[in-house]
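Only heavy atoms go into these numbers, but all of them, side chains included; no hydrogens, no water, no symmetry mates. Chain identifiers are assigned alphabetically (A, B, ...) following the order of the sequence lines, protein sequences preceding nucleic acid strands; residue numbering begins at 1 within each chain.
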Number of protein chains: 2
Amino acid sequence: MTTVDNGVNVQALLDARQALKGAPEAAQFTWQAKSRWSNGVHSETTVQKFFGLGADQAHKSAHTFDADHPEVFAAEDNGITPIEYLLVGLAACLTAGVASVAQNRGIQLRSVESTVEGQHDIRGILGVDSDVRNGFNDIKVTFHIDADASKEEIEALVAQSQKRSAVFDALTNPTDVTVEVA
Amino acid sequence: MTTVDNGVNVQALLDARQALKGAPEAAQFTWQAKSRWSNGVHSETTVQKFFGLGADQAHKSAHTFDADHPEVFAAEDNGITPIEYLLVGLAACLTAGVASVAQNRGIQLRSVESTVEGQHDIRGILGVDSDVRNGFNDIKVTFHIDADASKEEIEALVAQSQKRSAVFDALTNPTDVTVEVA
């Protein structure tokens, strides 16, 4: 009998997988963010509601996030830059995956830390050179993991986490984004 | 003489564009996030340092972001989900762009609000169906903008913001992401 406990309810996830096999409509989620311009390039974005399992859902509380540009861009630095939020999401998604896969494989984690670095040539967004893209050139994630497992088992955890990561997919593959003015 | 003031220092951005034309190495930025697993699928990610203009830089303060899964995923909902952070970044980036372009075009903004919705079939991440992708199916952004401008001018602001948006590019085009275990 395993005493491994990473705090992930893997049985619930396996049950959900089984249940959603016969109910694909329940698997259709809509995540939502509502944003409001403050001043300059400073905005506040709130996340609380979402839709899924066929019904309106909500996080226990609303979470509001400031975004701004740093002082070296002649702004007020009231929050992190918009593009840094992508790195937050990537780190969090891969980390959640590592914990979930470890639980499923009976591997006890002691600590999981990661550093995510996005290389960005800002000549794109400034319009200096139209051959330079606006987004990241590339992103590198480095994990430091302490667990009851071999180096190979830990690398396999991280590989499986990537394979099932929503954010890793969203960044490495294109998504259709429609922007409208109401 | 214009009295338009959206709080964006457009002259500084135009000066930066000019300066970086002759100094592409100064335009190479590295954005960074450092993440730590808490328990279950809950993590805390901190953003403060970055590199750019040839030197180490930092936001005025460190910003820490909780990510978790909601209770309908049998988790504790200690924060928004990782994939929702992508919507926060997208909303903030497009909004900053609208403010900057409006300033440059002499258009006074009164309010800019947006709703971002990401459609997500969670059968991908749960491993129910390998034909379903892990990330968003698609994303829709709806702006409500009150400004001293015609509907056409406002739509042109939003279009130009998209064209120069770092996050819009990062989501609509693929980026190479490397994941390593140290």
Query - Under 4.5 Å from any heavy atom of chain B - which part of A/Q57 - result: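 A/Q57 touches chain B through side-chain heavy atoms alone.
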
Q | Which atoms of A/A182 approach chain B - backbone, side chain, both or neither, heavy atom under 4.5 Å | A |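 Contact with chain B: backbone and side chain both.
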
Check: Apart from A/V132 itself, what residues make up its hydrophobic cluster when side-chain heavy atoms of I, L, V, M, F, W and Y under 4.5 Å apart count as a link, directly or indirectly?
Finding: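 Listed partners: none, A/V132 stands alone.
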
Walk me through it: do A/E84 and B/H59 pass the test side chain to side chain donor-acceptor pair (under 3.5 Å)?
CA-CA 12 Å; A/E84 286 172 306; B/H59 291 291; 2.8 Å; yes

Practice task
Look at A/S111, A/G79, A/G124, A/A16 and state which one has the largest set of heavy-atom pairs under 4.5 Å with chain B.
Solution key: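 Most heavy-atom pairs within the cutoff with chain B belong to A/G79.
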
Quick one: of A/T115, A/V179, A/D66, A/D129, who has the most non-hydrogen atom pairs under 4.5 Å with chain B?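 Looking at each of A/T115, A/V179, A/D66, A/D129 in turn, A/V179 comes out on top.
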
Do the non-hydrogen side-chain atoms of [X] and [Y] ever get within less than 4.5 Å of each other?
X      : Y      : value
A/K21  : B/R123 : no
A/T81  : B/F50  : no
B/T178 : A/D138 : no

Self-check item: Those residues that, when tested against A/R17, pass side chain to side chain donor-acceptor pair (under 3.5 Å) (two or more places apart)
Solution: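 Testing A/R17 for side chain to side chain donor-acceptor pair (under 3.5 Å), a comparison that skips the adjacent residues, returns none.
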
- Parallel, tilted or perpendicular for B/W31 and A/F73, by the 30°/60° rule?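 Correct class here is perpendicular.
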
Q) Taking B/A92, B/S35, B/A96 one by one, which has the highest count of heavy-atom pairs under 4.5 Å against chain A? A)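 Result: the option with the highest number of such pairs is B/S35.
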
* To do: Could you tell me whether the side chain of B/D77 and the main chain of A/K60 form a donor-acceptor pair under 3.5 Å?
  =>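 Flag set: sc B/D77 to bb A/K60 pair under 3.5 Å.
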
Exercise. For B/K140 and A/E180, indicate whether the former's side chain and the latter's backbone hold a donor-acceptor pair under 3.5 Å.
Key: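 Flag not set: sc B/K140 to bb A/E180 has no pair under 3.5 Å.
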
